[in-house]
Amino acid sequence: MTGLFDPFALKNLHLKNRIVMAPMTRSGSPGGIPGKSVAQYYRRRAEGDVGLIITEGVGIRRPGSLNDAGSPVLYDNAVEHWARVVEEVHDGGAPITAQLWHVGARPREGFGTLPLGEPDSPSGFAWPGMAVGKPMTEAAIADTIAAYAEAARNAVDAGFDAIEIHGAHGYLIDQFFWKATNLRTDRWGGVTLADRAEFAVAVIRAVRDAIGTDMALLLRVSQDKSPDGSIRLANSPQEMESWLAPLVEAGIDMLHCSGMRNWRTEFDGSDLNFAGWAKKLTGLPTVSVGSVGLRNPGFEGFIPPASIEDVLRRLDRGDYDLIALGRALIVDPAWPRKIREGRLGELRPFSAEALATLE
Ligand SMILES: Cc1cc2nc3c(=O)[nH]c(=O)nc-3n(C[C@H](O)[C@H](O)[C@H](O)COP(=O)(O)O)c2cc1C
(Lines give C-alpha, C1' and ligand atoms only; values in the text may rest on other atoms or scores of the structure.)
Protein backbone atom coordinates (compact mmCIF):
# COMPACT_ATOMS: atom_id res chain seq x y z
CA MET A 1 0.00 0.00 0.00
CA THR A 2 3.02 2.27 -0.21
CA GLY A 3 1.79 4.21 -3.25
CA LEU A 4 -1.32 5.36 -1.41
CA PHE A 5 0.78 7.11 1.22
CA ASP A 6 3.29 8.75 -1.10
CA PRO A 7 3.22 12.56 -1.07
CA PHE A 8 2.00 14.48 -4.10
CA ALA A 9 2.58 18.06 -5.22
CA LEU A 10 0.96 20.20 -7.89
CA LYS A 11 1.92 23.88 -8.10
CA ASN A 12 1.33 25.31 -4.59
CA LEU A 13 -0.69 22.29 -3.50
CA HIS A 14 1.10 19.72 -1.28
CA LEU A 15 -0.55 16.48 -0.19
CA LYS A 16 0.86 14.05 2.36
CA ASN A 17 -0.84 11.10 0.64
CA ARG A 18 -3.02 10.24 -2.36
CA ILE A 19 -6.37 10.13 -0.58
CA VAL A 20 -8.92 12.84 -1.44
CA MET A 21 -12.24 13.58 0.18
CA ALA A 22 -14.74 13.71 -2.68
CA PRO A 23 -17.04 16.75 -2.80
CA MET A 24 -20.33 15.97 -1.07
CA THR A 25 -23.36 18.20 -0.61
CA ARG A 26 -24.37 17.98 3.03
CA SER A 27 -26.99 20.76 3.28
CA GLY A 28 -25.65 21.98 6.61
CA SER A 29 -25.21 25.67 5.69
CA PRO A 30 -28.53 27.48 6.21
CA GLY A 31 -28.66 30.82 4.43
CA GLY A 32 -25.59 29.78 2.43
CA ILE A 33 -23.29 30.20 5.44
CA PRO A 34 -20.98 27.35 6.49
CA GLY A 35 -20.91 27.48 10.27
CA LYS A 36 -18.98 25.80 13.05
CA SER A 37 -20.49 22.36 12.49
CA VAL A 38 -19.34 22.42 8.87
CA ALA A 39 -15.83 23.52 9.89
CA GLN A 40 -15.62 20.75 12.50
CA TYR A 41 -16.93 18.18 10.02
CA TYR A 42 -14.16 18.97 7.54
CA ARG A 43 -11.54 19.28 10.28
CA ARG A 44 -12.29 15.73 11.51
CA ARG A 45 -11.45 14.38 8.01
CA ALA A 46 -8.20 16.38 7.98
CA GLU A 47 -7.32 14.93 11.39
CA GLY A 48 -8.13 11.48 10.02
CA ASP A 49 -5.23 11.97 7.56
CA VAL A 50 -7.13 12.74 4.37
CA GLY A 51 -4.54 14.11 1.91
CA LEU A 52 -6.85 16.70 0.29
CA ILE A 53 -10.36 17.84 1.11
CA ILE A 54 -12.67 19.02 -1.65
CA THR A 55 -15.65 20.90 -0.29
CA GLU A 56 -19.23 20.16 -1.18
CA GLY A 57 -20.49 22.13 -4.18
CA VAL A 58 -20.50 25.85 -3.29
CA GLY A 59 -22.85 28.22 -5.12
CA ILE A 60 -21.67 31.10 -7.29
CA ARG A 61 -23.53 34.43 -7.39
CA ARG A 62 -26.46 33.59 -9.71
CA PRO A 63 -30.10 33.36 -8.60
CA GLY A 64 -30.43 29.76 -9.76
CA SER A 65 -26.97 28.43 -8.90
CA LEU A 66 -28.27 26.15 -6.12
CA ASN A 67 -31.20 23.79 -5.71
CA ASP A 68 -30.90 23.30 -1.97
CA ALA A 69 -31.42 26.00 0.65
CA GLY A 70 -28.86 24.33 2.94
CA SER A 71 -26.00 24.52 0.42
CA PRO A 72 -23.27 27.09 1.02
CA VAL A 73 -22.34 30.00 -1.26
CA LEU A 74 -19.01 31.68 -1.92
CA TYR A 75 -19.77 35.38 -1.87
CA ASP A 76 -20.59 38.21 0.55
CA ASN A 77 -20.29 37.29 4.23
CA ALA A 78 -20.03 33.55 3.50
CA VAL A 79 -16.40 34.25 2.50
CA GLU A 80 -15.27 35.02 6.05
CA HIS A 81 -17.02 31.87 7.29
CA TRP A 82 -15.18 29.85 4.67
CA ALA A 83 -11.95 31.42 5.93
CA ARG A 84 -12.68 29.85 9.33
CA VAL A 85 -13.40 26.47 7.74
CA VAL A 86 -10.09 26.68 5.88
CA GLU A 87 -8.25 27.54 9.10
CA GLU A 88 -9.74 24.56 10.93
CA VAL A 89 -8.83 22.19 8.10
CA HIS A 90 -5.28 23.54 7.95
CA ASP A 91 -4.98 23.11 11.72
CA GLY A 92 -6.21 19.55 11.21
CA GLY A 93 -3.33 18.98 8.78
CA ALA A 94 -4.78 19.01 5.24
CA PRO A 95 -5.13 21.38 2.31
CA ILE A 96 -8.64 22.22 1.09
CA THR A 97 -10.15 22.94 -2.31
CA ALA A 98 -13.41 24.78 -2.94
CA GLN A 99 -15.77 23.19 -5.46
CA LEU A 100 -17.51 25.93 -7.50
CA TRP A 101 -21.04 24.90 -8.39
CA HIS A 102 -23.94 25.95 -10.54
CA VAL A 103 -26.71 23.37 -10.82
CA GLY A 104 -28.05 24.69 -14.11
CA ALA A 105 -31.67 23.83 -14.73
CA ARG A 106 -31.51 20.65 -12.77
CA PRO A 107 -34.12 20.09 -10.05
CA ARG A 108 -32.98 18.32 -6.94
CA GLU A 109 -34.03 14.68 -6.95
CA GLY A 110 -37.15 14.25 -4.92
CA PHE A 111 -37.62 17.98 -4.35
CA GLY A 112 -39.54 18.92 -7.49
CA THR A 113 -39.41 22.56 -8.33
CA LEU A 114 -35.95 23.78 -7.32
CA PRO A 115 -33.43 25.51 -8.36
CA LEU A 116 -34.07 28.27 -5.88
CA GLY A 117 -34.07 31.10 -8.46
CA GLU A 118 -34.57 31.55 -12.20
CA PRO A 119 -32.86 28.49 -13.75
CA ASP A 120 -29.90 28.94 -16.08
CA SER A 121 -29.40 26.39 -18.84
CA PRO A 122 -28.09 26.27 -22.40
CA SER A 123 -31.42 25.48 -24.06
CA GLY A 124 -34.10 25.45 -21.34
CA PHE A 125 -33.84 21.72 -20.70
CA ALA A 126 -32.72 20.04 -17.50
CA TRP A 127 -32.87 16.68 -19.22
CA PRO A 128 -34.09 15.61 -22.67
CA GLY A 129 -37.79 16.40 -22.74
CA MET A 130 -37.71 18.12 -19.31
CA ALA A 131 -38.26 21.82 -20.10
CA VAL A 132 -37.23 24.15 -17.26
CA GLY A 133 -36.94 27.87 -17.98
CA LYS A 134 -35.49 29.61 -21.02
CA PRO A 135 -32.16 29.28 -22.84
CA MET A 136 -29.54 31.59 -21.32
CA THR A 137 -29.05 34.92 -23.06
CA GLU A 138 -25.60 36.25 -23.93
CA ALA A 139 -25.89 38.57 -20.94
CA ALA A 140 -26.77 35.69 -18.59
CA ILE A 141 -23.82 33.68 -19.90
CA ALA A 142 -21.43 36.60 -19.41
CA ASP A 143 -22.75 37.21 -15.89
CA THR A 144 -22.41 33.52 -15.01
CA ILE A 145 -18.82 33.38 -16.22
CA ALA A 146 -18.07 36.49 -14.16
CA ALA A 147 -19.74 34.86 -11.13
CA TYR A 148 -17.42 31.83 -11.41
CA ALA A 149 -14.43 34.19 -11.50
CA GLU A 150 -15.72 36.15 -8.51
CA ALA A 151 -16.23 32.97 -6.46
CA ALA A 152 -12.71 31.83 -7.36
CA ARG A 153 -11.25 35.15 -6.27
CA ASN A 154 -13.23 34.89 -3.02
CA ALA A 155 -11.86 31.38 -2.50
CA VAL A 156 -8.34 32.79 -2.77
CA ASP A 157 -9.22 35.46 -0.21
CA ALA A 158 -10.64 32.80 2.14
CA GLY A 159 -7.31 30.95 2.01
CA PHE A 160 -8.29 27.90 -0.05
CA ASP A 161 -5.34 25.94 -1.46
CA ALA A 162 -6.91 25.12 -4.83
CA ILE A 163 -10.12 25.44 -6.83
CA GLU A 164 -12.26 22.74 -8.40
CA ILE A 165 -14.84 23.66 -11.03
CA HIS A 166 -17.80 21.27 -11.01
CA GLY A 167 -18.26 20.33 -14.65
CA ALA A 168 -19.94 16.97 -14.01
CA HIS A 169 -23.17 15.14 -13.08
CA GLY A 170 -25.67 16.90 -15.34
CA TYR A 171 -25.25 20.37 -13.80
CA LEU A 172 -24.78 23.61 -15.72
CA ILE A 173 -21.39 23.05 -17.37
CA ASP A 174 -22.29 19.44 -18.15
CA GLN A 175 -25.61 20.61 -19.63
CA PHE A 176 -23.53 22.58 -22.12
CA PHE A 177 -21.37 19.50 -22.87
CA TRP A 178 -24.25 17.17 -23.69
CA LYS A 179 -25.89 17.39 -27.10
CA ALA A 180 -29.28 16.40 -25.66
CA THR A 181 -29.40 19.46 -23.37
CA ASN A 182 -27.39 21.90 -25.50
CA LEU A 183 -29.32 22.58 -28.69
CA ARG A 184 -27.73 25.99 -29.31
CA THR A 185 -26.46 26.97 -32.73
CA ASP A 186 -24.37 29.95 -31.55
CA ARG A 187 -20.77 29.79 -30.31
CA TRP A 188 -21.88 28.02 -27.09
CA GLY A 189 -23.37 25.05 -28.93
CA GLY A 190 -22.45 22.92 -31.93
CA VAL A 191 -22.27 19.49 -33.44
CA THR A 192 -19.19 18.18 -31.67
CA LEU A 193 -18.41 17.72 -28.01
CA ALA A 194 -15.44 20.05 -28.54
CA ASP A 195 -17.84 22.74 -29.83
CA ARG A 196 -20.01 22.35 -26.76
CA ALA A 197 -16.97 22.69 -24.47
CA GLU A 198 -16.78 26.40 -25.33
CA PHE A 199 -18.73 27.50 -22.24
CA ALA A 200 -16.44 25.47 -19.97
CA VAL A 201 -13.41 26.94 -21.73
CA ALA A 202 -14.67 30.47 -21.06
CA VAL A 203 -15.33 29.65 -17.39
CA ILE A 204 -11.88 28.09 -16.96
CA ARG A 205 -10.14 31.07 -18.59
CA ALA A 206 -12.00 33.52 -16.35
CA VAL A 207 -11.23 31.50 -13.22
CA ARG A 208 -7.59 31.12 -14.20
CA ASP A 209 -7.32 34.88 -14.73
CA ALA A 210 -8.87 35.44 -11.30
CA ILE A 211 -6.56 33.09 -9.36
CA GLY A 212 -3.23 33.57 -11.15
CA THR A 213 -0.86 30.91 -12.42
CA ASP A 214 0.43 29.34 -9.17
CA MET A 215 -2.79 27.96 -7.77
CA ALA A 216 -3.88 24.48 -8.82
CA LEU A 217 -7.13 24.41 -10.78
CA LEU A 218 -9.10 21.16 -11.00
CA LEU A 219 -12.05 20.35 -13.23
CA ARG A 220 -14.52 17.60 -12.32
CA VAL A 221 -16.00 15.87 -15.33
CA SER A 222 -18.19 12.80 -15.76
CA GLN A 223 -19.01 10.57 -18.67
CA ASP A 224 -22.27 8.87 -17.72
CA LYS A 225 -25.66 10.04 -18.88
CA SER A 226 -27.53 6.92 -17.83
CA PRO A 227 -27.28 4.90 -14.62
CA ASP A 228 -25.90 1.86 -16.45
CA GLY A 229 -23.26 3.91 -18.29
CA SER A 230 -24.60 3.00 -21.73
CA ILE A 231 -25.00 6.68 -22.72
CA ARG A 232 -21.79 8.69 -22.31
CA LEU A 233 -20.37 12.01 -23.44
CA ALA A 234 -17.23 10.75 -25.22
CA ASN A 235 -17.57 7.50 -27.10
CA SER A 236 -13.98 7.00 -28.26
CA PRO A 237 -10.50 8.03 -27.15
CA GLN A 238 -10.42 10.49 -30.07
CA GLU A 239 -13.65 12.14 -28.96
CA MET A 240 -12.45 12.26 -25.36
CA GLU A 241 -9.21 13.91 -26.44
CA SER A 242 -11.04 16.51 -28.54
CA TRP A 243 -13.22 17.32 -25.50
CA LEU A 244 -10.51 17.49 -22.83
CA ALA A 245 -7.67 19.13 -24.80
CA PRO A 246 -9.29 22.61 -25.02
CA LEU A 247 -10.18 22.47 -21.32
CA VAL A 248 -6.57 21.75 -20.43
CA GLU A 249 -5.39 24.44 -22.83
CA ALA A 250 -7.70 26.94 -21.09
CA GLY A 251 -5.91 26.44 -17.76
CA ILE A 252 -6.78 23.18 -15.99
CA ASP A 253 -4.00 21.48 -13.97
CA MET A 254 -5.74 18.28 -12.90
CA LEU A 255 -8.84 16.39 -14.06
CA HIS A 256 -11.16 14.79 -11.53
CA CYS A 257 -12.83 11.97 -13.42
CA SER A 258 -16.10 11.11 -11.74
CA GLY A 259 -18.03 7.87 -11.99
CA MET A 260 -19.65 5.46 -9.57
CA ARG A 261 -17.49 2.51 -10.65
CA ASN A 262 -13.76 3.00 -10.26
CA TRP A 263 -13.07 -0.35 -11.91
CA ARG A 264 -15.05 0.22 -15.12
CA THR A 265 -12.97 0.14 -18.29
CA GLU A 266 -13.79 3.10 -20.49
CA PHE A 267 -13.12 1.85 -24.02
CA ASP A 268 -12.69 -1.60 -25.60
CA GLY A 269 -9.19 -2.98 -25.94
CA SER A 270 -7.73 -1.47 -22.75
CA ASP A 271 -8.34 -1.91 -19.03
CA LEU A 272 -7.85 1.83 -18.34
CA ASN A 273 -10.71 3.50 -16.50
CA PHE A 274 -11.90 7.09 -17.17
CA ALA A 275 -9.13 8.68 -15.07
CA GLY A 276 -6.59 6.44 -16.79
CA TRP A 277 -7.70 7.55 -20.25
CA ALA A 278 -7.90 11.22 -19.25
CA LYS A 279 -4.30 11.10 -18.00
CA LYS A 280 -3.06 9.20 -21.06
CA LEU A 281 -4.78 11.60 -23.47
CA THR A 282 -3.93 14.91 -21.78
CA GLY A 283 -0.74 14.18 -19.83
CA LEU A 284 -2.28 15.84 -16.77
CA PRO A 285 -2.49 14.23 -13.35
CA THR A 286 -5.94 12.80 -12.61
CA VAL A 287 -8.16 11.89 -9.67
CA SER A 288 -10.22 8.71 -9.80
CA VAL A 289 -13.25 7.87 -7.67
CA GLY A 290 -16.14 5.47 -7.35
CA SER A 291 -17.27 3.02 -4.67
CA VAL A 292 -13.83 2.84 -3.02
CA GLY A 293 -13.50 1.84 0.63
CA LEU A 294 -17.12 0.82 1.06
CA ARG A 295 -17.90 -2.36 2.90
CA ASN A 296 -21.61 -1.89 2.41
CA PRO A 297 -22.64 0.47 -0.42
CA GLY A 298 -26.19 1.00 0.87
CA PHE A 299 -26.61 4.26 -1.04
CA GLU A 300 -26.68 2.46 -4.38
CA GLY A 301 -26.77 -1.14 -3.35
CA PHE A 302 -26.52 -2.54 -6.87
CA ILE A 303 -22.95 -1.30 -7.23
CA PRO A 304 -20.45 -3.58 -5.53
CA PRO A 305 -17.61 -1.85 -3.63
CA ALA A 306 -14.36 -1.43 -5.57
CA SER A 307 -11.63 -3.91 -4.72
CA ILE A 308 -8.95 -2.00 -2.86
CA GLU A 309 -6.29 -4.21 -4.47
CA ASP A 310 -7.50 -3.15 -7.92
CA VAL A 311 -7.62 0.53 -6.92
CA LEU A 312 -4.02 0.36 -5.67
CA ARG A 313 -2.85 -1.64 -8.68
CA ARG A 314 -4.10 1.12 -10.97
CA LEU A 315 -2.63 3.84 -8.75
CA ASP A 316 0.76 2.13 -8.53
CA ARG A 317 0.73 1.58 -12.31
CA GLY A 318 0.36 5.35 -12.70
CA ASP A 319 -3.11 5.24 -14.32
CA TYR A 320 -4.12 8.09 -12.00
CA ASP A 321 -2.47 10.09 -9.24
CA LEU A 322 -5.10 10.49 -6.52
CA ILE A 323 -8.08 8.48 -5.36
CA ALA A 324 -11.18 10.17 -3.98
CA LEU A 325 -13.53 8.64 -1.44
CA GLY A 326 -17.00 9.94 -0.76
CA ARG A 327 -19.33 7.78 1.28
CA ALA A 328 -16.54 5.90 3.08
CA LEU A 329 -15.32 9.21 4.54
CA ILE A 330 -18.81 10.24 5.61
CA VAL A 331 -19.08 7.23 7.90
CA ASP A 332 -15.42 7.04 8.84
CA PRO A 333 -13.40 10.29 9.07
CA ALA A 334 -10.34 8.28 10.11
CA TRP A 335 -10.44 5.91 7.11
CA PRO A 336 -6.94 6.90 5.85
CA ARG A 337 -5.30 6.60 9.27
CA LYS A 338 -6.92 3.22 9.95
CA ILE A 339 -5.76 1.92 6.55
CA ARG A 340 -2.22 3.18 7.10
CA GLU A 341 -2.05 1.59 10.54
CA GLY A 342 -3.56 -1.68 9.30
CA ARG A 343 -6.62 -1.35 11.58
CA LEU A 344 -8.91 -2.84 8.95
CA GLY A 345 -11.21 -4.44 11.48
CA GLU A 346 -12.04 -0.96 12.83
CA LEU A 347 -13.33 0.45 9.52
CA ARG A 348 -16.97 1.47 9.85
CA PRO A 349 -19.45 0.02 7.32
CA PHE A 350 -21.52 2.51 5.33
CA SER A 351 -25.00 3.26 6.53
CA ALA A 352 -27.39 5.64 4.82
CA GLU A 353 -28.32 7.15 8.23
CA ALA A 354 -24.87 8.74 8.32
CA LEU A 355 -26.02 11.11 5.55
CA ALA A 356 -28.50 12.71 7.93
CA THR A 357 -25.90 14.21 10.26
CA LEU A 358 -22.66 16.21 9.99
CA GLU A 359 -20.64 13.92 12.28
C1 LIG B 1 -24.37 12.78 -0.13
C2 LIG B 1 -23.58 13.01 -1.39
C3 LIG B 1 -23.47 14.29 -1.90
C4 LIG B 1 -22.71 14.53 -3.07
N5 LIG B 1 -22.53 15.82 -3.51
C6 LIG B 1 -21.66 16.08 -4.50
C7 LIG B 1 -21.26 17.41 -4.81
O8 LIG B 1 -21.67 18.40 -4.17
N9 LIG B 1 -20.39 17.59 -5.84
C10 LIG B 1 -19.89 16.54 -6.56
O11 LIG B 1 -19.11 16.75 -7.49
N12 LIG B 1 -20.23 15.26 -6.27
C13 LIG B 1 -21.06 15.01 -5.24
N14 LIG B 1 -21.32 13.70 -4.88
C15 LIG B 1 -20.63 12.58 -5.57
C16 LIG B 1 -19.37 12.20 -4.79
O17 LIG B 1 -18.38 13.23 -4.88
C18 LIG B 1 -18.73 10.90 -5.33
O19 LIG B 1 -18.31 11.09 -6.65
C20 LIG B 1 -19.68 9.72 -5.26
O21 LIG B 1 -20.28 9.61 -3.98
C22 LIG B 1 -18.94 8.41 -5.56
O23 LIG B 1 -17.90 8.22 -4.63
P24 LIG B 1 -18.07 7.13 -3.42
O25 LIG B 1 -18.45 5.86 -4.10
O26 LIG B 1 -16.70 7.06 -2.80
O27 LIG B 1 -19.12 7.61 -2.50
C28 LIG B 1 -22.09 13.44 -3.74
C29 LIG B 1 -22.25 12.15 -3.22
C30 LIG B 1 -22.96 11.92 -2.06
C31 LIG B 1 -23.03 10.52 -1.50
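When a ligand or atom number is given, it counts from 1 through the structure's own listing order.
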Fit a plane to each ring of Trp82 and Tyr42, take the angle between them on a 0 to 90° scale, and name the class: parallel (under 30°), tilted (30 to 60°) or perpendicular (over 60°).
tilted

4.0 Å heavy-atom contact, Gly290 with ligand 1
yes

Pairs flagged by salt bridge (charged side-chain N to carboxylate O under 4.0 Å, His left out) wherever residues 344-359 is involved - sequence neighbours left out
Arg343-Glu346

Backbone, side chain, both or neither: what part of Gln99 comes under 4.0 angstrom of ligand 1, heavy atoms only?
side chain

Counting only N and O atoms by type, is there a donor-acceptor contact under 3.5 Å from the side chain of His166 to the main-chain atoms of Ala168?
yes

The one among Gly326, Gly259, Pro23 that brings a heavy atom closest to atom 14 (N) of ligand 1
Pro23

N/O of His166 under 3.5 Å from N/O of ligand 1, yes or no?
yes

Please state whether Ala168 comes within less than 4.0 angstrom of ligand 1, counting heavy atoms only.
no

Could you tell me, atom by atom, which parts of ligand 1 come under 4.0 Å of a heavy atom of Leu325?
26 (O)

Fit a plane to each ring of Phe176 and Phe199, take the angle between them on a 0 to 90° scale, and name the class: parallel (under 30°), tilted (30 to 60°) or perpendicular (over 60°).
parallel

Scan residues 154-172 for pairs that pass salt bridge (charged side-chain N to carboxylate O under 4.0 Å, His left out), counting only residues two or more places apart or in two chains.
Arg153-Asp157

Between Thr25 and Asp68, is any side-chain donor less than 3.5 angstrom from a side-chain acceptor?
no

Atoms in ligand 1 with a heavy atom of Gly57 nearer than 4.0 Å:
8 (O)

At less than 4.0 angstrom from any non-hydrogen atom of Ser291, what atoms of ligand 1 do you find?
24 (P), 25 (O), 26 (O)

Ignoring hydrogens, just give me the one of Arg327, Arg220, Met260 whose non-hydrogen atom is nearest atom 18 (C) of ligand 1.
Arg220

Evaluate ring pair (Phe, Tyr, Trp, His ring centres under 6.0 Å) for Trp101 paired with Tyr171, printing each intermediate quantity in order.
CA-CA 8 Å; Trp101 195 24; Tyr171 298 114; 5.2 Å; yes

Heavy-atom distances under 4.0 Å decide this one: backbone, side chain, both or neither, for Val289 against ligand 1?
side chain

What atoms of ligand 1 come closer than 4.0 angstrom to any heavy atom of Leu355?
1 (C)

For the residue pair Lys338 and Trp335, would you count it as a cation-pi contact if the rule is NZ or CZ under 6.0 angstrom from the ring centre and within 45 degrees of the ring axis?
no

Would you mind telling me which of Thr286, Leu10, Leu217 makes a side-chain contact (heavy atoms from CB on, under 4.5 Å) with Met254?
Leu10

Indicate the ring-plane relationship of Trp243 and Phe274, choosing parallel, tilted or perpendicular according to the 30° and 60° boundaries.
parallel

Run the numbers for me: atoms of ligand 1, each under 4.0 Å from some heavy atom of Ala22, listed by number.
17 (O)

Give the atom numbers and elements of ligand 1 that come within less than 4.0 Å of a heavy atom of His169.
10 (C), 11 (O), 12 (N)

Within-cut-off N or O pair, Glu164 and ligand 1, under 3.5 Å
no

Using distance alone, determine whether Trp101 and ligand 1 share an N or O pair under 3.5 Å.
no

